[in-house]
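Heads up: the structure comes next, in structure tokens.
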Amino acid sequence: MNREIEFRGYNPKNRKWLYGYYLVNRGKHYIVRDGIQPPSATPEDFEVEPKSIGQYTGLEDRNGKRIYIGDFVRFKYKKVKPDWSYDAPITIKGKVAEDIFGHQAIFETNSRYHIENATHGEVIGNVHNNPELVKTTEQ
């Protein structure tokens with residue numbers, strides 16, 4: 001499996017998301033792209049907030065938007081109940097994260113869903129831009 005390695009992080013100086021390679025130098029966190037950078041760029045133009053950094057999962061949602069660790073994804077999931085004779089679709093809104101073993105999954109409250117289900121859903125925000133979604137998924 002060849003998965004593109006890409007990270008994103010929020011740059012407070014320019015108030016925008018940066019996408020590319022992640023590196024740490026002297027305790028500061030940076031995201032940089034390949035290629036020639038503008039000569040007027042300073043290190044602060046590439047510095048990102050450590051809590052905002054998320055790795056690309058290698059998956060896209062149903063709209064073609066890339067899914068990163070820390071994104072919130074809403075999708076329908078078929079849950080089979082033993083005493084029912086049909087699948088009951090439920091809407092899940094969960095945070096994309098990694099468990100202690102490094103496996104990517106979508107977590108909602110105390111449930112865990114396969115990350116592949118996110119391809120049928122849509123990204124509705126992330127932990128940095130949408131802190132209100134953190135509270136709704138942890139209740």
Side-chain angles (χ1 to χ4, degrees):
M1 177 175 137
N2 288 336
R3 183 176 93 185
E4 181 181 351
I5 304 298
E6 182 180 73
F7 290 85
R8 75 161 180 215
Y10 185 75
N11 175 270
K13 177 186 175 193
N14 298 314
R15 295 182 178 161
K16 66 179 185 176
W17 288 93
L18 302 179
Y19 299 84
Y21 298 105
Y22 170 55
L23 62 104
V24 179
N25 186 18
R26 297 182 180 168
K28 296 192 177 192
H29 302 259
Y30 302 92
I31 301 240
V32 296
R33 280 247 181 247
D34 269 343
I36 299 171
Q37 303 302 324
S40 61
T42 65
E44 291 80 24
D45 291 320
F46 305 102
E47 190 173 347
V48 294
E49 295 177 354
K51 290 182 180 180
S52 71
I53 297 166
Q55 185 175 2
Y56 174 48
T57 63
L59 299 171
E60 297 175 352
D61 71 3
R62 68 177 181 216
N63 300 318
K65 186 172 182 175
R66 288 182 170 207
I67 302 171
Y68 291 84
I69 299 293
D71 279 344
F72 286 99
V73 179
R74 180 187 299 127
F75 64 99
K76 292 210 182 281
Y77 185 79
K78 289 188 175 183
K79 186 174 185 179
V80 180
K81 295 184 179 182
D83 55 341
W84 293 66
S85 59
Y86 64 90
D87 292 346
I90 57 173
T91 300
I92 301 299
K93 178 177 65 181
K95 182 175 89 171
V96 177
E98 288 184 338
D99 63 17
I100 59 171
F101 303 107
H103 303 121
Q104 295 174 350
I106 298 173
F107 293 88
E108 183 220 28
T109 317
N110 295 323
S111 299
R112 176 181 168 177
Y113 301 91
H114 294 289
I115 185 71
E116 288 78 17
N117 288 316
T119 60
H120 302 292
E122 64 180 336
V123 174
I124 57 171
N126 62 61
V127 295
H128 189 76
N129 287 350
N130 310 96
E132 71 280 1
L133 293 176
V134 175
K135 293 178 181 133
T136 60
T137 58
E138 290 178 350
Q139 292 176 352

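FYI, side chains are in, hydrogens and waters are out, and symmetry mates aren't considered; it's all heavy atoms of this structure. Note that the coordinates shown come from a computational prediction; the quantities given were computed from them, not determined experimentally.
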In terms of ring plane angle, is the pair His128 and Tyr10 parallel, tilted or perpendicular, where the classes change at 30° and 60°? tilted

One should read off an interatomic distance between Phe46 CZ and Leu18 CG, to the nearest 0.5 angstrom, of 8.0 Å

Closest non-hydrogen contact found for Gly20 with Arg33 is CA-NH1, 4.1 Å

Does any N or O in the side chain of Asn129 come within less than 3.5 Å of the main-chain N or O of Asn126, such that one atom is a donor and the other an acceptor? no

side-chain contact (heavy atoms from CB on, under 4.5 Å) test vs Asp61 passes for just one of Asp71, Val123, Val73, namely Val123

Exactly one candidate in Phe7, Tyr68, Tyr56 meets ring-ring contact (aromatic ring centres under 6.0 Å, His included) with Tyr19; the answer is Tyr68

Looking only at heavy atoms, the pair that brings Ile53 and Tyr22 closest together is CD1-CE1, 3.1 Å

Subject >> Val32 with Ile5, same ILVMFWY side-chain cluster at under 4.5 Å >> reply: no

Heavy-atom nearest pair, Asn63 first then Glu122, reads ND2-OE1, 3.6 Å

With distance as the sole test, does Arg74 use its side chain to make a donor-acceptor pair with the main-chain N or O of Gly121 at under 3.5 Å?
-> no

dist Gln55:CD -> Ile67:CD1 (nearest 0.5 Å) comes out at 13.5 Å

- Task: Please say whether more than 12 non-hydrogen atoms of neighbouring residues, nucleotides or ligands are located less than 6.0 Å from NZ in Lys13.
- Result: yes

Nearest heavy-atom approach of Ile31 to Arg8 is CD1-C, 3.6 Å

Notebook entry, point to check: Quick one: do the Asp45 and Asn11 side chains pair a donor with an acceptor below 3.5 Å?
Noted result: no

